[in-house]
Structure formats: C-alpha cells, structure tokens
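Scroll down for the structure; my scribbles are underneath it.
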Amino acid sequence: MFEIYGERFASRLLLGTAQYPSPATLKEAVEASSAEIVTVSLRRESARMRAGQGFWELIEQLGVRVLPNTAGCHTAKEAVATAEMARELFDTPWVKLEVIANDDTLQPELFGLVEAASILLAQGFQVLPYTTEDLSAAERLVGAGCRVLMPWASPIGSARGLINRDGLKTLRAYFPDTTLIVDAGIGAPSQAAEAMELGYDAVLLNTAVAKAGDPVKMAEAFARAVEAGRLGFEAGLIEPRDMASPSTPVARTPFFKIDRVS
C-alpha cells in the first residue's frame with residue numbers, strides 16, 4: 001500500500017488514458033493493469049467533443065480514481081486556470097500539475113511549476129507536480145506543501161527508461177518521507193521494475209501500454225513488473241561490485257573429498 005495525500009492504494013501502477021486504439025481496449029487495459037488511478041487530460045479531451053461524452057462515461061464505468069492533469073499548459077497562469085476547471089468537472093482537489101517548457105522534449109518548466117503549485121496549494125488543491133529529478137525544484141515544491149512528486153524517467157513517450165538513474169536514486173534518498181512516482185519515459189516492464197527497485201512508490205505510464213501491439217497484455221506485464229520491482233526493493237537488493245564474489249565461502253577449498261579404496 002502507498003499513500004497519496006492520506007488516501008491508500010494497493011496498486012502501484014497508474015495508467016494514462018490517451019492514444020488507445022478504442023474505448024474497449026482502454027477499458028480492458030485498465031482492468032488488466034489493476035490500476036486504481038487513471039490520468040485524464042482536460043484540455044485534450046475537451047478539444048475532442050465529438051467523442052467526449054462517451055469518453056467521460058467510460059471513465060466513470062471503470063470505477064477508478066481520476067487524476068486530471070494540466071497537459072499542454074506552458075505558463076503557470078494557464079495551468080492554474082485548467083486545474084480550476086478540472087476541479088469543477090471532476091469534483092476532486094487532486095491535480096497532476098504540468099507546466100511544459102519545450103514542445104520537443106516536453107520537459108517541465110520548473111519555475112512556472114513551482115509558481116503554479118504554490119498558488120494551487122493555497123487554494124486547497126492537492127498537487128502532484130510533474131517535475132524532473134532536480135533537487136532544488138523538489139525542495140521548493142515540497143516546501144510549498146506538495147506531498148507527492150512525479151519526476152520523469154525520460155521525455156514523455158520516448159520509451160528510453162531511466163536516463164538519469166543516479167539522479168532519481170539521489171532524489172529518493174533526499175526525500176524518504178515524500179511519495180515519489182516515476183512519470184514519463186517508461187517503455188518496457190523491465191524499466192518500470194528498475195524504478196521500483198530504487199524505492200519509488202509507484203509508476204505512471206501511458207504510451208508504452210496504449211501503443212503496444214497488445215495493450216491489454218502489456219498492461220498486465222507492467223502490473224507484474226511493478227509488483228516484482230517493489231518486492232525486490234523490500235527484500236533488500238545486494239549492492240553491485242566491481243569484482244567477482246565467490247559463492248563458495250572459502251576459495252580453493254573443495255566441497256567434498258573422494259575416498260579411494262585400495
């Protein structure tokens with residue numbers, strides 16, 4: 001179990017709802033993943049009004065917690081306005097806060113992110129900021145009142161996995177009491193397991209499942225990988241070393257002795 005603003009969840013896999021080949025596939029993938037939380041982009045779905053109503057009905061049928069996000073926002077002002085609309089629509093104080101700096105990398109704009117987070121927290125929102133592994137930004141976000149941080153593994157949809165593993169490991173060590181969710185750039189179940197082995201509380205992904213050859217099977221694969229990675233972390237991973245470490249307690253000592261009969 002892990003916590004998001006005092007609420008406890010059994011599944012450590014959060015799933016996005018964009019880019020699926022059909023609503024039926026989305027529904028089956030969410031069920032196969034055992035995810036209890038899905039993210040929804042208010043701006044993206046509102047722009048697709050021809051299919052919008054059916055989409056919202058499907059989300060309600062899933063019976064999961066909705067985490068609206070401010071995807072597509074480039075300024076703090078935009079993000080705050082979008083979050084306020086999301087709170088009205090979904091009747092939730094939760095918001096995955098995104099303020100984007102660059103359209104090619106979709107890297108978080110950290111100055112605007114901290115500004116928007118501070119405003120929203122003062123308004124009673126429970127903010128889950130999409131950030132990088134930058135420690136100074138993390139300190140400012142936590143100092144403003146964020147109890148959850150969502151650092152990227154790599155650019156959204158890139159499938160590159162953990163491009164700064166050491167940075168993510170350091171972030172985990174600096175904020176042992178903050179819920180940390182790796183968000184963006186995860187492309188394979190093994191990468192999700194690696195993030196969980198670092199001690200992260202959960203993983204959020206979308207493209208790796210939605211664009212897979214079989215999204216439903218891939219959702220199940222990620223669910224198992226996240227669970228395995230967390231179990232490995234809790235069991236206590238051995239530290240890597242440069243040289244070999246013999247399984248035999250004493251080198252050059254035979255396991256057995258053969259008695260020869262003369």
Side-chain angles (χ1 to χ4, degrees), residues 1-16 29-30 32-39 64-65 67 94 96 108 126 128-135 137-139 141-142 146-156 158-209 212 217-245 247:
M1 302 287 284
F2 79 108
E3 287 192 8
I4 294 179
Y5 286 99
E7 296 188 45
R8 295 173 64 81
F9 298 91
S11 173
R12 294 176 181 270
L13 176 61
L14 289 69
L15 212 57
V30 171
S33 73
S34 299
E36 297 172 273
I37 302 169
V38 299
T39 61
V64 293
R65 182 67 183 263
L67 172 59
W94 279 18
K96 178 190 169 188
Q126 295 175 339
L128 293 80
Y130 166 60
T131 183
T132 67
E133 67 278 16
D134 185 272
L135 286 178
E139 287 173 347
L141 289 166
V142 171
C146 292
R147 292 163 59 183
V148 179
L149 299 177
M150 304 181 75
W152 68 352
S154 53
I156 293 172
S158 68
R160 294 178 61 193
L162 281 58
I163 59 174
N164 187 358
R165 188 179 188 279
D166 290 341
L168 289 172
K169 188 174 181 180
T170 300
L171 187 69
R172 176 73 285 179
Y174 265 75
F175 298 95
D177 301 320
T178 301
T179 297
L180 299 182
I181 302 172
V182 170
D183 176 19
I186 297 295
S190 58
Q191 296 168 356
E194 183 182 6
M196 298 303 294
E197 288 169 357
L198 291 180
Y200 276 73
D201 297 286
V203 168
L204 191 158
L205 53 92
N206 185 175
T207 308
V209 171
K217 188 173 290 185
M218 187 62 76
E220 182 179 354
F222 270 105
R224 295 186 185 186
V226 166
E227 183 177 349
R230 181 66 188 186
L231 191 61
F233 169 73
E234 292 176 347
L237 299 167
I238 64 172
E239 290 294 324
R241 45 187 292 148
D242 294 328
M243 304 297 289
S245 175
S247 301

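Start at 1 with the first residue, then count along the sequence. The analysis underlying the following values was restricted to heavy atoms, covering all of them including side chains, and did not include hydrogens, waters or symmetry mates. On a predicted model such as this, the values are computed, not experimentally measured, just so you know.
Between Glu139 and Phe175 the shortest side-chain heavy-atom distance falls below 4.5 Å. Side-chain contact between Ile37 and Ile4 is present, with heavy atoms from C-beta onward closer than 4.5 Å. Under the 4.5 Å side-chain criterion, counting only non-hydrogen atoms from C-beta, Leu14 is not in contact with Val38. Between Asp201 and Thr178 there is no side-chain heavy-atom pair separated by less than 4.5 Å. Between Glu133 and Asn164 there is a side-chain heavy-atom pair separated by less than 4.5 Å. In this structure, the side chains of Ser33 and Val209 stay at 4.5 Å or more apart for every pair of heavy atoms. Residues Asn206 and Thr39 are not in side-chain contact: their nearest non-hydrogen atoms beyond the backbone lie 4.5 Å or more apart.
Ring pair Tyr130/Trp152 is perpendicular by interplanar angle, where above 60° counts as perpendicular and below 30° as parallel.
Shown here is Glu227, whose CD atom has no more than 12 heavy atoms of other residues, nucleotides or ligands within 6.0 Å. Atom CZ of Arg224 has 12 or fewer neighbouring heavy atoms from other residues, nucleotides or ligands inside a 6.0 Å radius. In Tyr5, the OH atom is crowded: over 12 heavy atoms of neighbouring residues, nucleotides or ligands sit closer than 6.0 Å.
Tested against Ile186, the residues Val226, Leu162, Thr207 include a single side chain to side chain contact (heavy atoms under 4.5 Å, CB included) partner, Leu162.
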